[in-house]
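As structure tokens, the structure follows; a few thoughts come after it.
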Amino acid sequence: MRKVGLTVRPARVADLPSLVDLRLANAEAHLALDPEIYRVPRREAVVRHFTAVLADEAGRDAVLVAEAHDGRVVGMIEVLPQSEPPEHQILRPEPSAQVHTVVLPGARGLGVGSALLAAAQRWASDRGITYLSAGIHHRNVDAVRFYRRHGYTDAGLSLGRRVDQVRGAD
């Protein structure tokens, strides 16, 4: 596949099988990173999700696909606008969204992810979104490298603890 033959466009209903396959393959890859955090969702749930997103005429969320010159969908990116923090919180309101990028293993390193991310940034900018974030698992070094290469930087630290471990700790 040559990058020249790549088209990035909004996903269509006909892309549903590809979107589902991409999500499930991505889930399997993340499960290998950390089975305590990730799971493989049921196919039917993924179908329902993408069916609802594609049917949303308001277009709140975006799903963009990268289509190879032969018509195969080789990647996708979701852009999910975030709610602004409530007035009582200390976070400064800023129109923001999360991005989730998935590229088929055989299409990596060919500019597919970069093309998807550029299209997602244009989509967000056109809607007044000024900040994009990508939640990446620290062991997903390829994804961390990809987003850093595109100007994404550390935006904080998320700490967590299982509640069932709290009882014996005090």
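- Remark: the Glu44 side chain and the His49 side chain contain no N/O donor-acceptor pair separated by less than 3.5 Å.
- The closest side-chain heavy-atom distance from Glu84 to Glu94 is not below 4.5 Å.
- Atom-to-atom distance recorded for Ser133:OG and Tyr152:OH is 8.0 Å, nearest 0.5 angstrom.
- Checked by atom type and distance alone, the side chain of Asn140 never pairs as donor or acceptor with a backbone atom of His137 at under 3.5 Å.
- Side-chain atoms of Leu132 and Gln121, non-hydrogen and from C-beta on, do get closer than 4.5 Å to each other.
- Under a 4.0 Å N-O distance rule, the pair Arg72/Glu67 does not qualify as a salt bridge.
- Put simply, the side chain of Val79 does not reach to within 4.5 Å of the side chain of Asp61, judged on heavy atoms.
- Side-chain contact between Leu6 and Val74: present, with at least one pair of heavy atoms (C-beta onward) separated by less than 4.5 Å.
- Of all heavy-atom pairs spanning Ala107 and Val112, the tightest one is O-CG2, 3.6 Å.
- When atom types are taken as modelled, the side chain of Arg60 and the backbone of Pro81 share a donor-acceptor pair closer than 3.5 angstrom.
- No continuous path of ILVMFWY side-chain contacts below 4.5 Å connects Tyr131 to Trp123, so the two sit in separate hydrophobic clusters.
- A donor-acceptor pair under 3.5 Å is formed between the side chain of His30 and the backbone N or O of Asn26.
- Atom CG of Leu116 is separated from atom CG of Leu64 by 7.0 Å, given to the nearest 0.5 angstrom.
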*Check the pair Tyr147 / Thr101 against side chain to side chain donor-acceptor pair (under 3.5 Å), numbers first and verdict last.*
CA-CA 10 Å; Tyr147 282 105; Thr101 310; 2.7 Å; yes
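- For Arg43, the salt bridge (Lys or Arg N to Asp or Glu O under 4.0 Å) partners at least two apart in sequence or on another chain are Asp21.
- Using modelled atom types, no side-chain atom of Asp154 and backbone atom of Gly156 make a donor-acceptor pair closer than 3.5 Å.
- You'll find the side chain of Arg9 reaches within 4.5 Å of the side chain of Asp15, heavy atoms only.
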*Evaluation steps, side chain to side chain donor-acceptor pair (under 3.5 Å), between Ser96 and Gln82*: CA-CA 6 Å; Ser96 64; Gln82 303 297 293; over 6 Å; no
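- Between Pro41 and Leu24, the closest side-chain pair of non-hydrogen atoms falls below 4.5 Å.
- Using a 4.5 Å heavy-atom threshold, the side chains of Arg48 and Arg42 count as touching.
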